[in-house]
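Working notes, structure below.
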Amino acid sequence: MPLRIYNTLTSTKEEFKPGEPGKVSMYVCGVTVYDNCHIGHARANVAFDVVYRYLQHAGYEVTYVRNYTDIDDKIINRANKEGVEFSVISERYIKSFDEDMARLNLALPTHQPKATEYVGEIIALVQKLIAKGAAYPVDGDVYFSVEKYEPYLKLSGRNLDDMQAGARVDVDERKQNPMDFALWKGAKPGEPFWESPWGKGRPGWHIECSAMSMKLLGETFDIHGGGKDLVFPHHENEIAQSEAASGKPFVRYWMHNGFVNINAEKMSKSLGNFFTIREILERYDSEVLRFFLLSAHYRSPIDFSDHNLADAEAGLERIYSSLAAARELMASGNAVPAGGHDADARAELQEKTEALQGHFCAAMDDDFNTALAIAHVFDLVRAINRVVAAKNVDAQVVSLLEKAGEEIAVIAKVLGVLDSVPAEFLSRMKARKSSDLAIDAAEIDRLVAERTAARKARDFKKSDEIRDQLHAMGIELLDSAAGTEWRVK
RNA sequence: GGCGACGUCGCCAAGUGGUAAGGCAAAGCUCUGCAAAAGCUUUAUUCAUCGGUUCAAAUCCGAUCGUCGCCUCCA
């Protein structure tokens with residue numbers, strides 16, 4: 001089955017055909033580095049990380065470019081507020097972004113260009129647009145003339161007249177059309193600047209992406225991604241600039257991820273209802289966050305809440321518990337003779353294992369349906385659990401469980417979750433949960449030992465009292481043949 | 001006002017013409033001194049509402065209600 005991608009340009013799912021067979025060129029709008037990233041940034045970057053990984057998994061040679069916008073009004077404002085150079089701000093938050101992305105297990109893109117490193121290309125592009133009559137300089141600024149690019153607004157499906165009728169922006173009299181946008185901004189006193197044919201200034205917001213993508217990927221490339229909120233004006237303007245300059249189609253497939261919501265409302269800096277990635281990672285494991293983000297389709301809105309994160313955590317634990325139990329059973333050796341009464345479970349496990357990659361690829365081929373892909377993993381988990389529950393170890397069971405584990409590992413590599421050692425993930429969760437307890441581990445161990453002694457003496461009244469006491473503090477006791485373990489509820 | 005998206009079990013969430021995936025929660029069972037944990041099993045004749053098209057619709061069309069997004073910086 002061929003890969004199909006939802007293309008914002010046509011509002012339909014289309015079969016994916018790269019410009020050059022076997023190769024994919026892809027550009028994703030990164031962040032403006034003026035503050036720590038929030039969960040919305042995490043979602044966008046995780047979504048396209050999975051696109052990147054899956055394309056590679058599907059056999060493509062992928063060139064993936066993700067930029068840093070490191071010069072911008074917000075960066076300058078913050079620098080002024082702190083009384084430092086703008087580069088101090090941009091470098092600080094580039095580092096912060098890189099750390100966050102690493103914690104979320106993102107693969108490194110092929111190129112991570114910075115706008116400030118492409119000022120030469122940007123100036124050349126602006127000159128080309130002026131030469132073609134698509135742009136005009138005014139008082140040290142340069143504007144793109146939207147009327148000179150006839151298909152303007154083809155991505156967002158609007159028309160210029162309606163836009164202007166509802167425009168909430170102040171009209172700048174120097175613009176030929178109120179919708180014209182800045183390619184180059186003249187520097188005000190005290191602002192950082194680069195020399196240009198129009199005087200001292202800096203790039204406008206949109207032009208950098210055109211300059212960097214065309215330099216690194218060519219004038220036409222395969223995939224351009226970003227959040228839904230970038231459709232207008234950012235991507236619309238990128239198309240206008242790029243196509244007016246090159247005379248060629250800019251991008252084949254436009255992909256846009258949905259928002260992260262808080263109580264059904266968009267999470268954003270301007271609304272102030274956002275959580276940074278760092279804040280969330282203090283409370284949840286990074287793998288849990290990533291798993292949560294992949295549990296919905298990338299174009300759907302996803303509601304961020306403690307409840308939903310806890311659900312995701314429980315789901316991930318279910319998978320890892322199953323994997324850990326399977327490993328434990330395999331490690332226990334072939335001590336238990338085959339009974340044969342679990343033949344159905346074995347057959348099911350074999351069937352699900354063999355079907356997994358096919359199901360996974362079908363889900364991912366359908367516009368990267370990670371939610372469905374994960375559901376298939378859960379299907380296999382149930383089959384594993386059935387076999388493990390039979391506790392009937394022989395060579396066939398070991399081989400089946402090994403194979404199932406290998407198949408999950410292949411998927412884990414694409415999704416960037418489930419690639420921890422099961423026992424390590426589980427103990428990570430335990431450590432995280434026990435870190436904010438009112439009682440320390442040694443004290444718990446002492447009480448557990450006391451209870452074990454009481455149980456041995458068949459003093460169940462006392463042993464139950466200890467259990468209730470620990471329970472009241474949020475500690476759960478797990479009795480088994482091997483002894484008593486505890487964990488945090 | 002213009003453009004667009006969405007409304008599927010208590011919660012999360014796939015499914016976009018062929019008769020409702022998966023997870024969480026819940027219930028029953030196994031296990032247990034009893035529990036807990038874990039595992040297994042079960043859980044939507046129905047997809048916001050009302051009409052229409054079709055042999056067949058959650059899926060297509062129309063209307064209504066509700067929620068949200070873009071139109072200003074935003075992933």
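Numbered from 1 within each chain, the chains take letters A, B, ... in sequence-line order.
- Side-chain proximity of Phe378(A) to C71(B), G22(B), A13(B): nearest is G22(B).
- If you measure from atom CG of Asn257(A) to atom P of C70(B), you get 13 Å, rounded to the nearest angstrom.
- Distance from the side chain of Ala264(A) is smallest for U67(B) among the nucleotides U67(B), A21(B), G23(B).
- Ser156(A) and Arg158(A) share a side-chain donor-acceptor pair at under 3.5 Å.
- As rounded to the nearest Å, C6(B) and U41(B) have C1' atoms that lie 35 Å from one another.
- Judged by distance alone, with hydrogens and angles left aside, Asp379(A) brings no side-chain donor or acceptor close enough to the base of G22(B) to form a pair under 3.5 Å.
- Across A14(B), A75(B), A36(B), the shortest atom-to-atom separation from the side chain of Leu478(A) is found for A36(B).
- When distances are taken from the side chain of Val260(A) to each of A75(B), G22(B), C12(B), the shortest belongs to A75(B).
- Taken together, the paired segments of RNA chain B that extend over three or more consecutive Watson-Crick or G-U pairs, each closer than 3.5 Å at both contacts, are B:1-7 with B:65-71, B:10-12 with B:22-24, B:26-30 with B:38-42, B:48-52 with B:60-64.
- Here the nucleotide nearest the side chain of Asn369(A), chosen from G23(B), A14(B), A35(B), is A14(B).
- In terms of polar N and O atoms assigned as donor or acceptor, the side chain of Asp479(A) never comes within less than 3.5 Å of the base of G33(B) in a complementary pairing.
- Across Phe144(A), Phe232(A), Tyr149(A), Tyr143(A), a single residue satisfies ring-ring contact (aromatic ring centres under 6.0 Å, His included) together with Phe181(A), and that is Phe144(A).
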When you compare the protein's N or O atoms with those of nucleotides 40-44 of chain B, which come within less than 3.5 Å of each other, and at what distance?
| from | atom 1 | to | atom 2 | distance (Å) |
| --- | --- | --- | --- | --- |
| C40(B) | OP1 | Arg382(A) | O | 3.3 |
| C40(B) | OP1 | Asn385(A) | ND2 | 3.4 |

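- Nucleotides U45(B) and C9(B), compared at atom P, are 11 Å apart to the nearest Å.
- By the 5.5 Å and 30° criteria, Phe460(A) is stacked with the base of G33(B).
- Ring geometry for Phe291(A) versus Phe378(A): interplanar angle over 60°, hence perpendicular rather than tilted (30 to 60°).
- C12(B) and U19(B): their P atoms are spaced 27 Å apart (whole Å).
- The same atom, C1', is picked in A5(B) and in U42(B); the two are 36 Å apart, to the nearest Å.
- For the side chain to side chain donor-acceptor pair (under 3.5 Å) test with Thr69(A), the passing option among Glu208(A), Lys114(A), Lys74(A) is Glu208(A); the others fail.
- For the pair Arg386(A) and Asp344(A), the salt-bridge criterion is not met [side-chain N within less than 4.0 Å of a carboxylate O].
- Using a cut-off of 4.0 Å between Lys/Arg side-chain N and Asp/Glu carboxylate O, Glu465(A) and Lys462(A) are scored as not salt-bridged.
- At a threshold of 4.0 angstrom between heavy atoms, the contacts of Ser300(A) are confined to the sugar-phosphate backbone, with no base atom among them.
- G10(B) and U16(B): their C1' atoms are spaced 26 Å apart (whole Å).
- In this structure, of G33(B), C68(B), A75(B), it is G33(B) that holds the atom nearest to the side chain of Asp464(A).
- Using a 4.0 Å cut-off between a side-chain N of Lys or Arg and a carboxylate O of Asp or Glu, Arg428(A) and Glu287(A) qualify as a salt bridge.
- Across A75(B), A36(B), C11(B), the shortest atom-to-atom separation from the side chain of Val31(A) is found for A75(B).
- Using atom P as the reference point in both A35(B) and A44(B), the two lie 29 Å apart (nearest Å).
- To the nearest angstrom, C1' of G4(B) lies 15 Å from CG of Leu9(A).
- A distance of about 14 Å separates the C1' atoms of C70(B) and A75(B), rounded to the whole Å.
- Between Asn308(A) atom CG and A25(B) atom P the separation is 13 Å, expressed in whole Å.
- At a cut-off of 3.5 Å, with distance as the only test, no side-chain donor of Tyr93(A) or Asp100(A) sits close to an acceptor on the other residue.
- Taking only side-chain atoms of Asp366(A), from C-beta outward, the nucleotide of U16(B), A75(B), A36(B) with the closest atom is U16(B).
- With hydrogens and angles left out, the side-chain atoms of Glu238(A) and Tyr27(A) include no donor and acceptor closer than 3.5 Å.
- The environment of NZ in Lys13(A) is crowded: more than 12 heavy-atom neighbours from other residues, nucleotides or ligands sit within 6.0 Å.
- Taking atom C1' in both A20(B) and U59(B), the straight-line distance is 11 Å, to the nearest Å.
- A heavy-atom distance below 4.0 Å to RNA chain B is reached by none of the residues of residues 92-106 of chain A.
- With C12(B), C70(B), C34(B) as the choices, the nucleotide that has an atom nearest any side-chain atom of Arg455(A) turns out to be C34(B).
- Applying the 3.5 Å distance criterion, the base of C34(B) shares a donor-acceptor pair with the side chain of Arg467(A).
- Set against C11(B), U16(B), A14(B), the side chain of His307(A) has C11(B) as its closest nucleotide.
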Going through the checks in order, is the salt bridge (Lys or Arg N to Asp or Glu O under 4.0 Å) test met by Lys175(A) and Asp141(A)?
-> CA-CA 10 Å; Lys175(A) 291 184 186 178; Asp141(A) 293 344; over 6 Å; no
